[in-house]
Undergrad: 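Below are the structure tokens for one structure; questions will follow.
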Amino acid sequence: MDEDPFRVFLCKEICQNLGSEDINGMVFCIKTEVNNQELEGIKNSGTKLMEVAMKANLFTESDTSRLETMLDAVGRKDLVEKVKEYRKNLTVLFPSVEAPCNLEEHVIGRKDTKTRTSKKLETAMKTEDVIILSGVLGSGKTQLAINYGNEFHDKHPTSAVWMVRSKDQASLQKSLTTLADKLGVLKGKDTCKESENPINKLGDILANALMGKTTHIIIFDDVNKDCQKIVENLIRKFVPLKKTQGFIKVIVTTMDDLLKMPRTNCISVSGFTEEEAVTFLRRNNTCTDSETDALKKLASRMSYLPLGLSCAKTYMINCHKSGKSFLELLKANTLEQLDDKLKQLDESQRGFFSNLNTFIRIMEKDLDKDATEMFQMTQFLENENIPIILFDLLSPSSERCNEGIAGEIQHDDVETCSSLSTDSLVQAVQKFSFGTVQGIDDKRLLNTHTAVSLTLQAFTDEKRKRRLLNRLLWTCALILDKDNRHQDDYNRMASVLPHARSVLMHAENIMEKDTETCLLMAFVNDLVAYTSNFEGLLGLEKYHSDIALQFCYKVMETTEKDIDEEVSDKHVLTTHETHREFAKAKATVIDEKLTGIRLPHEREIEKFIRHFILHKRRTKKDVKILTECVNNYKEVALTMQQYEALCEKKKAVQLTDLMDHFIKEMILSIFYTYGRHIFYRGKYSEVEQKRKFCHYLFLADEFGEIMRSKCQESLPLYCMLAKLSGTLELVFEDIPELELATVNNLQHTARTLEQLLNDKSCYYIFGIFKMHAPSDNIHRSVCLKQLLRTYLSLLTLCENTRSDKTEIVKKGKEIIKKLENVKFVSYDAKNGGVWSRVGQFQFAAGDTKAAENAYKLVCPPSLLEGEVKSRFVSKHELTAAYGLADCYDKEEKKEHAKCILQRLLKMLPDIQNQEKENVRKRICSLDSKS
């Protein structure tokens, strides 16, 4: 064993105290997890036993639980205590033993292969701060970085090692957000929603968090020209010119030498040398001269690129083929026509892609039709973290949905076929080294490679691409949902999100724009936009919402400009009243146009609706409702009999009744999502853009009213949401600058909210029952919170106009009592927005004691007593802290108020410098009053 402290401890304190019986007993414990050859090599050596066990990852310095179990199994409790004592001392020295490392998520290709290039990287990392690994696809850039990072993390477990996907801004932001979460320096994804430049803010947060007593490694993987400037800016934050006690080192992988920065070393990665390639392929086996020659030719044919050679090696091992035999297999392949992108490559690269295509064709011979199509679909998905459940839930084609008697599918057969095909795909991908799979069951994730995707794209004809994309678009439409309140539902949406984005990008360029495709493109873009908001990706949300709008008008066979010109001549848009009138007139025109497209496309629309309703993947809440209503319901799909049973019980709407308003409901939901941008992006937008967001909330509300008048017994949920969480919410802050926050508007808002609170209606989403308003706690809590905001705004206006506020205070306190009785609203910081608002109202009403109690529910506990530690403070916590200080100030407890603010100043990290300045100003104000 080398001089690593943990290995030295094992050698001196454990191995030297093990007898032969102890060693044999411990070998018996691990015999099912280590191959026989390595077990036989132990030969009663405690040191070799430890080496074999650690090589098999049975235990590490940071996790010795398995070692303790092995020692306990042979009765060596004395040695177990020694291991525990070592871990205890280690924890004292390094309180955070395991720093974040996500490299296991990115493992693909060769592992732990020492080459001349890997040695160059190791040498360069000792002296340089930023290393660029530049090379062609499949040359091993990412794997070099992963190998170095894993070795570094094994030796320095208190150092963070993090790979940041950098092919686009969304991937980059998500990677950085996850790291910040792992480090505990991000108070939820909403932190970056409050910033105009979230990536820049994340960079500041992470740079501040990682500048400690150790060195950390950040790997920016697959940087392209689109993200070049962003990555350069982040590197300047992570690698400042002036060194600190601990610092960050950066590795960049890219196809081009893009970054030009101080203290940067660029290493060209061109794959293996001939000798390295042969050594890699023969796997320490002794080869004959003829076999060595065959391996050399195979390496040359694969351009010495590690990805291709890894595929060849894995196949040869699994199929027990020699290099000579495998080379013959490749020679038998006829080179197919490459697409224009691959024609631009040099001859060796073209050969590499041709050979990858050969591997793919060989693999597909072992797969059934469904599994083959699943693999071919990966060309349209992101290369990493593809959830296998995406294939498990893969939608059949819309034509297939309508096959059989009365349009019904034998769902049990479909489900079984899909499950078997998915397992077959997983086995084949690993057999050919086209990717890796981590996790089990529904949590399995597939990782593949860009070169594999490009090969599939080059050798798949356009007709097949369109058919595959149609299935993927349908799958995204059926999996994604705006109801993500249950954690399992949210996790599923978040895992599918990047792949849905990728599908949309490919579909935009390839798909024909018929009615079905336009509906799918509008709907999926809207779902991606909505889900992106929850991930804090506001720029992405706006982009996909814009695309969704464009496809809405394509469905109507018109443009937004044409409709606006048709309506706007009659309206001069100067006030909120004229904006509302314009939206009402436009909603009428849109309703007429959507009604007009039904007749020429009636059969197509009926098929669309049927397919959607029968195959929609329901959320946890919906599954619970449907399970109570129909027999033998499965989450995968509804049968036609089950759907008809739901209709009889008033839990679903008849297909004939849906024909007129199903598509309208989709369009309404898209208008609603677009309009709600005003609450997330309004403060960063120009007035014209703010008013466009505002217009779409008015439009959604007015369009919803038209639909409500036609669907009195089966109200679409978005008719109500467009009002409750749309136009009524607009009055509080008047972001569009239309003088909305007037006494009359607020009084009207209060009356409307009271009506919604007492609403007895049942609401449906796309034909299936969603909620009964009186019994839905979330609906009641939203109505009550909005009412409280309304009365708070009215109180503020009364203060300004010196009007009587007795009635407002009375009504507001009644609302607070009702809020306290809603089960959904708990008495803790999880509902910080509720209780900080209650505090604000009680303070405005003059009840400082009640306000104080409400604010204390939200304030960080250490702000009130105990030791204060620096950490990120959320906006609700800040509101509560300031409010509590105001309460003490009003009660003439100046020292209490000052103490709260001083403790808050100590808690705020440097990254919240602006808030620190605000706190200092408040302290100065208190001092001046004294």
Side-chain angles (χ1 to χ4, degrees), residues 482 515 518-519 522-523 526 548-549 551-560 562-571 573 576-602 605 608-609 653-676 692-730 748-749 751-752 755-756 759-767 770 773:
K482 292 183 181 179
T515 302
C518 288
L519 280 170
F523 191 58
D526 179 54
L549 274 186
F551 277 100
C552 283
Y553 291 104
K554 286 182 181 179
V555 170
M556 296 179 240
E557 300 174 354
T558 185
T559 65
E560 182 177 17
D562 287 343
I563 292 182
D564 285 350
E565 288 178 353
E566 182 178 340
V567 177
S568 61
D569 289 344
K570 306 169 187 175
H571 300 89
L573 302 179
H576 66 86
E577 289 92 350
T578 54
H579 273 270
R580 170 73 86 167
E581 289 167 5
F582 173 62
K584 186 174 183 178
K586 186 173 175 179
T588 302
V589 172
I590 288 173
D591 181 66
E592 291 170 354
K593 287 190 177 294
L594 288 171
T595 300
I597 70 164
R598 174 185 166 180
L599 288 176
H601 302 288
E602 188 158 10
I605 290 172
F608 187 97
I609 297 171
V653 183
Q654 290 286 353
L655 190 61
T656 51
D657 296 332
L658 283 174
M659 287 298 294
D660 183 58
H661 71 253
F662 187 93
I663 304 303
K664 294 178 182 178
E665 187 177 351
M666 280 191 165
I667 301 297
L668 169 59
S669 72
I670 293 167
F671 289 169
Y672 167 74
T673 301
Y674 189 89
R676 278 193 57 82
K692 184 174 181 181
F693 294 148
C694 175
H695 164 70
Y696 272 94
L697 284 183
F698 284 143
L699 182 59
D701 192 5
E702 293 297 340
F703 191 37
E705 284 300 306
I706 294 172
M707 291 186 65
R708 180 184 284 268
S709 67
K710 298 178 181 180
C711 313
Q712 294 181 358
E713 293 186 2
S714 52
L715 293 173
L717 180 66
Y718 287 103
C719 294
M720 183 268 290
L721 289 179
K723 197 176 295 294
L724 175 62
S725 300
T727 52
L728 295 180
E729 197 170 335
L730 274 175
H748 174 265
T749 297
R751 288 193 297 271
T752 308
Q755 291 170 4
L756 290 171
D759 188 7
K760 306 298 182 186
S761 303
C762 288
Y763 288 96
Y764 296 73
I765 281 191
F766 304 120
K770 187 66 178 178

Undergrad: Is there any salt bridge (Lys or Arg N to Asp or Glu O under 4.0 Å) pair reaching into residues 666-676, and which pairs are they, with sequence neighbours excluded?
TA: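 Checked against salt bridge (Lys or Arg N to Asp or Glu O under 4.0 Å) - neighbours excluded - the pairs reaching residues 666-676 are Arg676-Glu729.
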Undergrad: Taking all non-hydrogen atoms of both residues, which atom of Leu697 and which atom of Thr727 are closest, and how far apart?
TA: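 Nearest pair, atom of Leu697 first, then Thr727: O-CG2, 3.4 Å.
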Undergrad: Of the non-hydrogen atoms in Ile597 and Val555, which two are nearest, and what is the gap between them?
TA: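 Heavy atoms of Ile597 and Val555 come nearest at CD1-O, 3.6 Å.
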Undergrad: In Å, rounded to the nearest 0.5 Å, how long is the span from CD1 of Ile605 to CE of Met659?
TA: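 Here the rounded value is 6.0 Å.
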Undergrad: Report the distance from atom CG of Leu715 to atom NZ of Lys770, rounding to the nearest 0.5 Å.
TA: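 Output value for this atom pair is 16.0 Å.
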Undergrad: Within the 4.5 Å heavy-atom criterion, are Thr515 and Phe608 side-chain neighbours or not?
TA: no
Undergrad: Looking at every heavy atom in both Phe698 and Ala583, which two are closest together, and how far apart are they?
TA: CB-CB, 3.6 Å
Undergrad: Where do Asp526 and Ala548 come nearest, in terms of heavy atoms and distance?
TA: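 Taking Asp526 first and Ala548 second, the nearest heavy atoms are N-CB, 3.8 Å.
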Undergrad: Could you walk me through whether Lys664 and Thr595 pass the side-chain contact (heavy atoms from CB on, under 4.5 Å) check?
TA: CA-CA 9 Å; Lys664 294 178 182 178; Thr595 300; 2.8 Å; yes
Undergrad: Taking the side chain as every heavy atom from C-beta outward, state whether Leu730 and His576 have any pair of such atoms under 4.5 Å apart.
TA: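 SC-SC contact between Leu730 and His576 ruled out.
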Undergrad: Quick check: do Lys482 and Ile765 have side-chain heavy atoms less than 4.5 Å from each other?
TA: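 Not in contact.
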Undergrad: For Lys584, what residues pass the salt bridge (Lys or Arg N to Asp or Glu O under 4.0 Å) criterion, not counting sequence neighbours?
TA: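 Scan of Lys584 (salt bridge (Lys or Arg N to Asp or Glu O under 4.0 Å), adjacent residues dropped) gives none.
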Undergrad: So do the side chains of Glu702 and Glu581 get within less than 4.5 Å of each other, counting heavy atoms only?
TA: no
Undergrad: Quick one: list whatever passes side chain to side chain donor-acceptor pair (under 3.5 Å) with Lys554, sequence neighbours left out.
TA: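 For Lys554, no residue satisfies side chain to side chain donor-acceptor pair (under 3.5 Å) once neighbours in sequence are set aside.
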Undergrad: Going by the rule ring-ring contact (aromatic ring centres under 6.0 Å, His included), which residues pair with Phe766 if we only count those two or more places apart in sequence or in a different chain?
TA: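 ring-ring contact (aromatic ring centres under 6.0 Å, His included) list for Phe766, sorted by chain: Phe523, Phe612, Phe662.
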Undergrad: Once rounded to the nearest 0.5 Å, what's the spacing between atom CG of Asp591 and atom CG of Leu668?
TA: 11.0 Å
Undergrad: I'd like to check Ser714 versus Asp657 (side-chain heavy atoms, cut-off strictly below 4.5 Å). Are they in contact?
TA: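 Not touching, per the 4.5 Å side-chain cut-off.
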Undergrad: Nearest 0.5 Å, what's the CZ-CG distance between Phe703 and Leu594?
TA: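 Rounded to the nearest 0.5 Å, the CZ-CG separation comes out at 5.0 Å.
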Undergrad: Between Ile667 and Cys552, what is the shortest heavy-atom contact and its length?
TA: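 Heavy atoms only, the tightest pair is CD1-SG, 3.6 Å.
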Undergrad: When you compare the side chain of Ile590 with that of Ile706, does any pair of heavy atoms fall below 4.5 Å?
TA: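 Sidechains of Ile590 and Ile706: no contact.
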Undergrad: Give the table of side-chain donor-acceptor pairs shorter than 3.5 Å for residues 716-723, with sequence neighbours excluded, one pair per line with atom names and distance.
TA:
residue, atom, partner, partner atom, Å
Lys723, NZ, Asp701, OD1, 2.9
Lys723, NZ, Asp701, OD2, 3.4
Lys723, NZ, Glu705, OE2, 3.4

Undergrad: Could you grab the distance from atom NE2 of His661 to atom CZ of Arg598, nearest 0.5 Å is fine?
TA: 11.0 Å
Undergrad: Can you find a heavy atom in the side chain of Asp562 that is under 4.5 Å from one in the side chain of Tyr553?
TA: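 They are not in contact (no side-chain heavy atoms under 4.5 Å apart), so the answer is no.
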Undergrad: Closest heavy-atom contact between Val567 and Ala585?
TA: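 The answer is CG1-CB, 3.5 Å.
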Undergrad: Which residues satisfy the side chain to side chain donor-acceptor pair (under 3.5 Å) test with Lys593, sequence neighbours excluded?
TA: none
Undergrad: Students often mix this up, so state it plainly: with edges at 30° and 60°, are the rings of Tyr674 and Tyr696 parallel, tilted or perpendicular?
TA: perpendicular
